[in-house]
Amino acid sequence: MSIFSRRPSAAQNRDSEGAEQNRSPDPVGPAVLAPGRAPVRAMRLRRPRARDPRLLTGIALVLISVLAGAGILTAATSTTTVLVATTDIAEGQKIDPSAFQQVEVSLGDSSSSYAVSADQIPAGALAATRIEQGELLPVSAIGQSEESTLRPIAVPIEPDAAAGLQSGDVVEVWTAASAKEGAEASTKGAHMLVDRAQVRSVSSGSSLSMQKATVEVLVPADSVAEVLEAIDRDDSMFAIEVLGGTEVG
């Protein structure tokens with residue numbers, strides 16, 4: 001019995017050729033023939049992994065930059081309540097609290113140099129300098145009344161000792177004199193100079209630049225000489241807050 005092969009029809013040939021043309025190319029890519037070498041297939045580039053250290057580092061740097069920018073913007077836009085004059089006040093004129101109103105301004109580190117409320121104006125206070133309408137009220141411009149027995153003194157203290165102090169605080173003024181050759185026994189060691197002094201203003205210093213802070217305090221007239229002598233000796237001065245202290249005078 002003979003078996004005859006059946007030749008494919010023209011339609012089958014066309015279907016086979018179309019299938020070959022529609023076949024998707026190799027996902028890896030065609031072989032690359034290098035002279036004198038075996039065929040090498042092109043390498044596929046991989047996407048960076050989610051835990052790639054370089055990617056995580058880049059994200060961290062972006063977040064740090066955003067947070068730093070937000071902090072700077074917040075500091076620049078923060079405001080402080082201070083007193084502003086509604087009329088001109090001549091030097092030596094009595095300061096009337098009703099001649100001021102509270103406003104919100106941005107002062108930064110200098111905010112402690114200005115009065116923030118009428119409570120900082122003692123009864124009978126006189127203007128130490130001329131204050132013009134629309135001008136902020138500096139604490140240094142609030143002079144003492146003629147009947148006052150307190151005197152303002154600027155005391156240089158270590159920057160760390162001034163931290164947390166603000167206008168209106170009641171403090172003790174101490175000196176820690178070192179034992180120097182020829183110094184009197186009464187000036188050696190630490191002792192209190194003033195038991196109750198009121199802070200008028202605080203000027204921050206810098207530990208890095210070795211610049212001392214300055215605290216202006218109101219001290220009784222009979223303590224002025226001793227405080228000035230300690231400052232002249234370049235003693236280490238300290239202003240220690242009296243917790244729960246009330247106004248001096």
Side-chain angles (χ1 to χ4, degrees), residues 64 67-83 102-122 125 128 136-144 150-179 187-220 223-224 226-249:
I64 292 174
L67 294 176
I72 295 174
L73 181 61
T74 301
T77 57
S78 60
T79 59
T80 304
T81 302
V82 294
L83 295 181
Q102 290 183 317
V103 296
E104 292 284 337
V105 296
S106 179
L107 296 175
D109 296 336
S110 61
S111 59
S112 61
S113 300
Y114 297 91
V116 299
S117 70
D119 295 338
Q120 293 179 252
I121 305 177
L136 302 183
L137 177 59
V139 175
S140 59
I142 304 175
Q144 298 303 298
L150 301 177
R151 300 292 182 267
I153 297 181
V155 180
I157 65 176
E158 299 300 326
D160 294 342
L165 293 180
Q166 58 185 355
S167 177
D169 288 344
V170 177
V171 297
E172 297 174 347
V173 179
W174 284 72
T175 176
S178 58
T187 64
K188 297 179 182 179
H191 64 281
M192 184 190 300
L193 298 176
V194 183
D195 60 350
R196 294 180 70 81
Q198 184 172 351
V199 177
R200 291 188 67 187
S201 64
V202 180
S203 176
S204 301
S206 174
S207 301
L208 297 178
S209 61
M210 305 299 291
Q211 179 182 359
K212 290 187 176 182
T214 301
V215 178
E216 185 179 12
V217 293
L218 298 175
V219 302
S223 300
V224 172
E226 189 175 6
V227 175
L228 292 179
E229 289 174 359
I231 295 175
D232 185 62
R233 291 193 304 266
D234 197 23
D235 291 348
S236 296
M237 307 286 291
F238 300 90
I240 302 176
E241 184 179 2
V242 178
L243 299 180
T246 57
E247 185 176 351
V248 177

- [ ] Would you indicate whether the side-chain heavy atoms of M192 and V173 approach each other to under 4.5 Å?
- [x] no
Open item on the list: If you define the side chain from C-beta out and look only at heavy atoms, does anything of V103 sit under 4.5 Å from V82?
Closed with: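 Contact flag for V103/V82 side chains = yes.
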Open item on the list: I need the single residue from V219, D235, T175 that forms a side chain to side chain contact (heavy atoms under 4.5 Å, CB included) with L193. Which is it?
Closed with: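 Running side chain to side chain contact (heavy atoms under 4.5 Å, CB included) over V219, D235, T175 with L193 returns exactly one hit, T175.
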- [ ] Let me know which of V194, D232, V217 forms a side chain to side chain contact (heavy atoms under 4.5 Å, CB included) with V227.
- [x]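 The option that passes is V194.
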Please name the pair of heavy atoms, one in [X] and one in [Y], separated by the smallest distance, quoted to 0.1 Å.
| X | Y | value |
| --- | --- | --- |
| V242 | R196 | CG1-NH1, 4.3 Å |
| E172 | D195 | CG-O, 3.3 Å |
| Q102 | V116 | NE2-O, 2.8 Å |
| A162 | A213 | CB-CB, 3.7 Å |
| A154 | P156 | O-CD, 3.7 Å |
| Y114 | V139 | C-CG2, 3.6 Å |

Got a second to check how far [X]'s [atom1] is from [Y]'s [atom2], nearest 0.5 Å?
| X | Y | atom1 | atom2 | answer |
| --- | --- | --- | --- | --- |
| S113 | L137 | OG | CG | 11.5 Å |
| M237 | I231 | CE | CD1 | 5.0 Å |
| T81 | E104 | OG1 | CD | 3.0 Å |
| I157 | K212 | CD1 | NZ | 9.5 Å |
| H191 | W174 | NE2 | CH2 | 9.0 Å |
| D169 | R200 | CG | CZ | 14.5 Å |

